[in-house]
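Okay, here's the structure, questions in a sec.
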Number of protein chains: 2
Amino acid sequence: MTIKGKATSLDIAHMAGVSQPTVSRALRGSPMVNAETRKRILEIARQLNYKVDKNASSLRCQQSGTLALLFFEDPTPDDSLINPFFHSMLGSITRACALHGHDLLVSFQQLSSDWHADFEDSNKADGIILLGYGDYHESVERLERLVEQGTHFVRWGAALPGQPGVSVGSDNFQGGFDITAHLLDQGCRRIAFLGHADSHYPEFAERYRGHAEALRARGLTPEAALQHDAITTEDSGHNACLALLDRGKRFDAVCAASDLIAIGALRALRERGLRVPDDVAVTGFDDIPLAGSVSPALTTVQQDTKQAGQLLVEKLLGLIAREPVEGINIPVKLVVRESSRRQAL
Amino acid sequence: MTIKGKATSLDIAHMAGVSQPTVSRALRGSPMVNAETRKRILEIARQLNYKVDKNASSLRCQQSGTLALLFFEDPTPDDSLINPFFHSMLGSITRACALHGHDLLVSFQQLSSDWHADFEDSNKADGIILLGYGDYHESVERLERLVEQGTHFVRWGAALPGQPGVSVGSDNFQGGFDITAHLLDQGCRRIAFLGHADSHYPEFAERYRGHAEALRARGLTPEAALQHDAITTEDSGHNACLALLDRGKRFDAVCAASDLIAIGALRALRERGLRVPDDVAVTGFDDIPLAGSVSPALTTVQQDTKQAGQLLVEKLLGLIAREPVEGINIPVKLVVRESSRRQAL
DNA sequence: CTGAAAGCGCTTACAG
DNA sequence: CTGAAAGCGCTTACAG
C-alpha cells in the first residue's frame with residue numbers, strides 16, 4: 001500500500017473505511033468516536049507514519065502552537081559571541097516551550113534594524129518573547145507599537161511601572177543592594193560602579209539604585225565620580241575601568257553591572273598592577289559560566305534563568321489565552337567567590 | 001477604515017478594487033501586474049500592516065520556509081549547561097538561516113528519547129539540522145530511518161564514507177595531527193590522549209587517528225595505555241585524567257579530544273600538584289570562549305563554526321531543492337596558548 | 001495585465 | 001457516534 005507523497009487524513013479515512021472528519025476526531029482524541037474505530041485509525045496512522053499537517057490545522061484553527069524568540073544583539077553584529085547569559089536563557093526558554101507543547105522559532109535581530117516582529121502578524125507564531133540588552137529609549141516606541149497592534153509579547157528586562165507590555169526580570173534592585181552590602185562587609189568603603197545608571201538601561205539603573213541604597217543604609221553617600229558608564233561587553237568594562245583609574249579617583253572595589261564588565265575590569269586592574277581582591281575587590285552580575293572560571297573567580301549575583309525562561313513562556317501563554325498577566329521581578333542570589341574575599345580591615 | 005481581526009488579501013482586494021489573486025501577485029512581486037495597480041496595493045497593505053498568512057501560503061505551496069534545528073544533549077538533561085561549542089554553532093546557523101530567508105525552529109532533545117523529527121512530517125519545517133554529541137552507534141539506526149523516509153536532513157559530525165545522510169564536520173584528523181605535532185615540537189614525548197577513540201564517537205576517533213599518525217610520522221608508537229575514554233564534559237575529563245595518573249603511566253602531555261575534557265584535566269593535574277605546562281602540557285579541541293580564559297590559557301584546535309553553520313544551512317537547502325549534495329570536512333586552525341608552551345628540552 | 005475557479009489539508013458546527 | 005458541508009487564506013494554472 002503505497003501513497004505518493006505524504007499520507008493525509010483522507011488517505012487514512014479511505015483505508016479505515018470512514019469519513020475524513022472521523023479520522024480528524026480520532027486523532028485529536030475526541031470522545032465522540034467509537035473505541036474500535038479509533039483504534040483502527042490510530043493503527044493505520046502509525047503504520048503510515050502520518051503526522052497532522054500543521055499548516056492546515058494552524059490555518060483552520062488560527063493558531064500555530066509556536067512561540068517566537070527575538071534575540072537582540074547590538075554589540076556583536078556579526079560574529080557569534082552572544083552574551084553568555086542569554087545562552088542559558090535560551091536553554092530554559094526552549095525547555096519551557098517543550099514542556100507546554102509549543103515549538104520555538106529563534107531569530108537574531110539587530111537592535112537598529114526594523115524588527116521582524118511579523119512572526120505573529122503572519123500567524124507563524126502565536127506570540128513573541130523579546131530578549132536582549134540595548135538602549136531602552138530606542139526600543140520603547142516600538143514596544144508601544146506592538147501593544148497598539150495587539151501583538152502578544154513578553155520581554156526580559158526590568159519590570160517597572162509604566163512600561164508598555166509585560167516584563168519579566170530579575171530583582172535587580174535587591175541584587176545591587178546585596179552585593180554592595182557584601183562589599184561593605186568586606187571592609188570596602190570607596191566602591192566604583194561600572195555600568196550605565198540611567199533610564200536608558202533600566203536593569204542597570206535598578207542595580208545602581210540598589211547599590212546606592214546599600215551605601216546610604218551604612219551612612220555613606222554615592223558619588224557620581226565613582227560611577228562610569230559601560231555596556232555589557234568585556235571591552236566596555238575594560239575601558240570603563242581604565243577611564244576611572246585615569247580619572248585619579250581612588251577606589252577599593254569595583255561593583256560591575258554585569259559579569260562581562262567585571263571580567264573587563266579584572267583585565268584592566270591586572271594591566272595596572274593592582275591585585276584583586278587585595279587592592280581592589282571586584283564583583284559582577286549574572287553568574288555566567290565564565291564567572292566561576294576566571295581568576296580570581298568572580299563574586300556575582302546569580303539570576304535564576306531557569307525560572308525566568310519558565311515565567312516568560314507561561315506569561316506569554318497567559319497573554320495568548322487572554323488572561324490578565326502581570327510583570328514580575330524574580331529573586332536573585334548572591335554568590336561569593338575569591339574576587340571579593342578579603343580580611344576585614 | 002477598520003477591519004475586525006487581521007487584514008487578509010481579500011480585504012486589500014476590496015479596498016483596491018481588484019481581485020484577490022491580483023493582490024497576491026502584486027505582493028509577491030509578479031511581473032504581470034500593472035505598475036500603478038501594484039503601487040496602490042502595496043500602499044494599502046502597508047497601511048493595514050498586512051502580512052501574508054504563512055500557514056495559508058505554506059499549505060498551498062507545500063513548503064514552509066522554515067528549518068528545524070534538533071539539539072541533542074545527553075549529559076545535561078535538565079539544567080541549562082549546554083556544550084558552549086554548540087552555542088556558537090547555534091549563532092551561526094541562525095544567521096545563515098536569516099541570510100537565506102528562512103526561519104529556524106529550535107528544539108532540544110534527549111538522545112535517549114524518540115526524536116521529534118516530525119517537524120518535517122508535519123510540514124512545519126522543510127528540513128532538519130541535527131546537532132549534538134552522543135554514541136554514534138545509538139543514533140545511526142534512526143539516521144537510516146530518516147534517509148528511508150526521505151526526510152531532508154544534515155548533521156554535524158565526522159563526514160566519513162558509508163554514513164547515512166549528509167554530514168558537515170571539521171577536519172578532525174588534521175586537527176588531531178596538527179596539535180600532536182605541536183606538542184612534539186614542544187619536546188613532549190609521552191602524550192596521553194583523553195577521549196573515546198572508537199567508532200562510537202567518530203569525531204573523537206578521527207582526532208585520535210590524526211594524533212596517532214603524527215606520532216608515527218616522528219617514529220613514535222601510539223600506546224593504548226596512554227589513551228583513556230572520556231566524553232565532552234569537564235567531569236569526564238577530570239575523571240579520565242585522574243584515572244590515567246592512578247594507572248601509574250607517566251606522561252608529559254595531555255592531548256584532550258575537547259576543550260571541556262582539557263579543562264577537566266587541568267583541574268585534575270592541579271589537584272595532584274602538577275604544573276601546566278612545565279610538568280604536563282595540555283591541549284584541547286574546539287576553542288570555546290572559556291579556552292582563552294582558563295589559567296593557563298588553553299592551546300586548542302579552532303573549529304570554524306561560522307562556516308560550519310553556513311554550510312549546514314546551504315547543504316540542507318540544496319537537499320530540499322533536490323540538488324546533489326556531498327558531506328564535507330572543514331579545515332581547522334591550531335591556536336597556541338600558554339598551556340602547551342615550554343622550553344624545548 | 002486581470003479575474004473566476006480550484007485546491008492545499010485540516011477542523012468544526014450542523015444534521016442525523 | 002458519524003458524515004456532508006463549509007471555510008481558514010493563500011497561490012497557481014486557466015481563460016480572456
Side-chain angles (χ1 to χ4, degrees), chain A residues 3-42 44-45 48-66 118-126, chain B residues 3-42 44-45 48-66 118-126:
Chain A
I3 295 177
K4 63 250 153 231
K6 275 170 184 155
T8 70
S9 56
L10 197 60
D11 297 324
I12 297 180
H14 286 150
M15 294 175 67
V18 296
S19 74
Q20 183 268 330
T22 299
V23 173
S24 177
R25 288 191 194 100
L27 258 26
R28 351 194 50 247
S30 155
M32 12 179 243
V33 172
N34 181 294
E36 285 285 288
T37 318
R38 160 182 291 109
K39 228 180 98 187
R40 197 164 71 247
I41 291 173
L42 291 182
I44 297 174
L48 263 53
N49 191 33
Y50 170 80
K51 295 287 175 325
V52 170
D53 186 307
K54 294 278 188 174
N55 293 130
S57 81
S58 299
L59 173 58
R60 176 58 228 248
C61 303
Q62 294 293 75
Q63 57 164 323
S64 60
T66 303
D118 27 293
F119 283 117
E120 186 176 343
D121 296 322
S122 67
N123 285 335
K124 242 191 152 158
D126 302 329
Chain B
I3 294 177
K4 63 252 152 231
K6 272 168 185 156
T8 70
S9 57
L10 196 61
D11 296 323
I12 297 181
H14 286 150
M15 294 176 67
V18 296
S19 74
Q20 183 269 329
T22 300
V23 173
S24 177
R25 288 191 194 100
L27 258 25
R28 348 194 54 246
S30 154
M32 15 178 238
V33 172
N34 181 294
E36 284 286 287
T37 318
R38 161 183 289 109
K39 226 180 98 187
R40 200 165 69 246
I41 291 173
L42 291 181
I44 297 175
L48 263 52
N49 191 34
Y50 170 80
K51 296 287 176 325
V52 171
D53 185 307
K54 293 278 187 170
N55 292 130
S57 81
S58 298
L59 173 59
R60 178 56 229 249
C61 303
Q62 294 293 75
Q63 60 164 322
S64 61
T66 302
D118 27 295
F119 283 118
E120 187 176 344
D121 297 320
S122 68
N123 285 334
K124 245 194 149 155
D126 302 328

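Keep in mind that the numbers below use all heavy atoms, side chains included, and drop hydrogens, waters and symmetry copies. These figures come from a predicted structure and were not determined experimentally. Numbered from 1 within each chain, the chains take letters A, B, ... in sequence-line order.
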Quick check: does any side chain N or O of A/Ser122 sit under 3.5 Å from a backbone N or O of A/Phe119, one acting as donor and the other as acceptor?
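Yes; judged by distance alone, with no hydrogens or angles, the pair exists.
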
Gap between atoms CG and C1', on A/Leu10 and C/dG7 respectively (whole Å):
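My rounded result for the distance is 13 Å.
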
Between C/dT2, D/dC1, D/dT12, which nucleotide gets closest to the side-chain atoms of A/Met32?
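Out of C/dT2, D/dC1, D/dT12, the nucleotide with an atom closest to A/Met32's side chain is D/dC1.
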
Can you tell me which stems DNA chain D forms, taking runs of 3 or more consecutive Watson-Crick or G-U pairs with both distances under 3.5 Å?
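DNA chain D stems, ordered by first number: C:1-3 with D:14-16, C:5-12 with D:5-12, C:14-16 with D:1-3.
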
Between A/Ser24 and B/Gly17, which is nearer to the 5' end of DNA chain C once each is assigned its nearest nucleotide?
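Comparing both residues, the 5'-ward one is B/Gly17.
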
From A/Ile12, A/Thr37, A/Leu27, residue fulfilling side chain to side chain contact (heavy atoms under 4.5 Å, CB included) relative to A/Leu42
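The option that passes is A/Leu27.
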
A/Pro21 side chain, from C-beta outward: closest of D/dT11, D/dA5, C/dG3:
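Among the listed nucleotides, the one closest to the side chain of A/Pro21 is D/dA5.
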
Which atom names give the shortest non-hydrogen contact between B/Ala7 and B/Leu48, and what distance separates them?
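Smallest heavy-atom distance, with atoms named: CB-CD2, 3.7 Å.
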
Do side-chain atoms of A/Arg40 reach the backbone of A/Ala16 as a donor and acceptor pair under 3.5 angstrom?
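Between the backbone of A/Ala16 and the side chain of A/Arg40 there is a qualifying donor-acceptor contact (under 3.5 Å).
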
Any N or O donor-acceptor pair under 3.5 Å from the base of D/dG3 to the side chain of A/Arg25?
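A donor-acceptor contact between them is present.
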
Which of the following nucleotides, C/dG9, C/dG3, D/dT2, is nearest to the side chain of B/Leu59?
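Nearest to the side chain of B/Leu59 among the choices is C/dG9.
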
Tell me the interatomic distance from B/Gln62, atom CD, to D/dC10, atom C1', rounded to whole angstroms.
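My rounded result for the distance is 12 Å.
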
Quick one: B/Leu27 CG to D/dT11 C1', roughly how many Å, whole number?
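About 12 Å, once rounded to whole Å.
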
Using a heavy-atom cut-off of 4.0 Å across all strands, would you classify A/Thr37 as base, sugar-phosphate, or nothing?
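Sugar-phosphate, no base atom in range.
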
How long is the gap from NZ on B/Lys6 to CD on A/Glu120, to the nearest 0.5 Å?
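B/Lys6 atom NZ to A/Glu120 atom CD measures 4.5 Å (nearest 0.5 Å).
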
Separation of A/Ser30 OG from A/Arg38 CZ (nearest 0.5 Å)
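Answer rounded to 0.5 Å: 7.0 Å.
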
Spacing of A/Gln20 atom CD relative to D/dG7 atom P, expressed in whole Å:
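Those two atoms, CD and P, are 16 Å apart.
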
Rounded to whole angstroms, how far apart are CG on A/Asn123 and P on C/dC8?
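It works out to 21 Å between those atoms.
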
In whole angstroms, how far is the P atom of D/dT11 from the CD1 atom of B/Ile41?
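Those two atoms, CD1 and P, are 13 Å apart.
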
Between D/dG3, D/dG9, C/dC10, which nucleotide gets closest to the side-chain atoms of A/Ser57?
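That would be C/dC10.
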
Is the shortest side-chain N/O distance from B/Ser19 to OP1 or OP2 of C/dT2 below 4.0 Å?
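No, outside the criterion.
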
Between B/Arg60 and A/Tyr50, which residue's closest nucleotide on DNA chain C lies nearer the 5′ terminus?
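Result: B/Arg60.
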
Atom-pair distance (NZ on A/Lys51; P on C/dG9), nearest Å
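Interatomic distance, NZ of A/Lys51 to P of C/dG9: 16 Å.
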
If you look at every strand shown and take non-hydrogen atoms under 4.0 Å, does A/Ser9 touch a base, only sugar-phosphate, or nothing?
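If one applies the 4.0 Å heavy-atom cut-off, A/Ser9 turns out to touch the sugar-phosphate alone, with no base involved.
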
Taking the side chain of A/Thr8 as heavy atoms from C-beta outward, which of D/dT12, D/dC8, C/dG9 is closest to it?
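Among the listed nucleotides, the one closest to the side chain of A/Thr8 is C/dG9.
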
Would you give the length of the straight line joining atom OG of B/Ser9 to atom CG of B/Asp11, rounded to the nearest 0.5 angstrom?
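One finds 8.0 Å between OG of B/Ser9 and CG of B/Asp11.
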
Using only side-chain N and O atoms of A/Arg28, determine if any of them is under 4.0 Å from OP1 or OP2 of C/dC10.
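False: A/Arg28 side-chain N/O out of range (4.0 Å or more) of C/dC10 OP1/OP2.
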
For residues A/Thr66 and A/Lys54, is any side-chain donor paired with an opposing acceptor at under 3.5 Å?
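No pair is found: no donor N or O on one side chain lies under 3.5 Å from an acceptor on the other.
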
Rounding to a whole Å, what distance do you find between A/Lys124:NZ and D/dC10:P?
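My rounded result for the distance is 15 Å.
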
A/Asp53 side chain: which of C/dT12, C/dC10, C/dA6 is closest?
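Output: C/dC10.
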
